[in-house]
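All remarks here apply to the structure that follows.
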Amino acid sequence: MNPQFLTDADVYRRVGGADKLTQLIDPERTGQWNQDTLDAAKQDACNQVLAAAGVQSEHVTDVTDFRDKFPHLVTIAAQKAVILAWTYGTSGMAIPDALRELSTELSAAMEDLSRNRRAHGSVTYSPTASRSMNGAVSVSANTLTSWQRSPFC
């Protein structure tokens, strides 16, 4: 399992506080929700963001350090957790327009993370070079004597 780098406060800040989150994901209007639902949403959001960004979870040893180095991933994951908390906590109720718009924005942000990961390469993907070097090397008695670059590179 990937490390969970979100706190409850990260999620609360994205909706205006714990009371607003309760209001958002409490379809029965009991004033409470199951903490396990929020924890599952936070963990799933972290997993999805790490997968999209290509951050190897085995390299995340200090969550505080990770949060400091990648605050944009914390923001994306917290917003994603709000959407997932709604989905998990409401048993399929229609999503409010504001959350639907946020979900669309997050899909684009997650795609950007994935595109950046692919552009920089990974273990399973090697991008083609944007520019190739062509030239000739002259070697004389184990000494590089000249390098001539092709004018067409």
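Residue numbers start at 1 and run along the sequence shown. What you see below is based on every heavy atom in this structure, not just the backbone, and it leaves out hydrogens, waters and symmetry mates.
- For Asp36, the side-chain contact (heavy atoms from CB on, under 4.5 Å) partners two or more places apart in sequence, or in a different chain, are Asn34, Asp39.
- With sequence neighbours excluded, no residue forms a side-chain contact (heavy atoms from CB on, under 4.5 Å) with Thr104.
- Scanning for salt bridge (charged side-chain N to carboxylate O under 4.0 Å, His left out) contacts around Asp19 gives an empty result, with sequence neighbours left out.
- Residues Ala77 and Ala45 come closest through the heavy atom pair O-CB, 3.2 Å.
- Evaluation of the ring-ring contact (aromatic ring centres under 6.0 Å, His included) rule for Phe70 yields Phe66 as partners, not counting sequence neighbours.
- Judged by distance alone, with hydrogens and angles left aside, the side-chain atoms of Ser103 form no donor-acceptor pair with the main-chain N or O of Leu99 at under 3.5 Å.
- Listed by chain and number, the residues in a side-chain contact (heavy atoms from CB on, under 4.5 Å) with Glu105 are Leu102 (sequence neighbours excluded).
- The two atoms that bring Ala94 and Trp86 nearest to each other are O-CZ2, 2.9 Å, heavy atoms only.
- Under the 3.5 Å distance criterion, the side-chain polar atoms of Asp10 are matched with a main-chain donor or acceptor of Thr7.
- Going from atom CG of Asn47 over to atom NZ of Lys42 covers 13.0 Å, rounded to the nearest 0.5 Å.
- No donor-acceptor distance shorter than 3.5 angstrom exists from the side chain of Arg14 to the backbone of Gln79, with no hydrogens or angles considered.
- Judged as a salt bridge (charged side-chain N to carboxylate O under 4.0 Å, His left out), and not counting sequence neighbours, Lys80 has no contacts.
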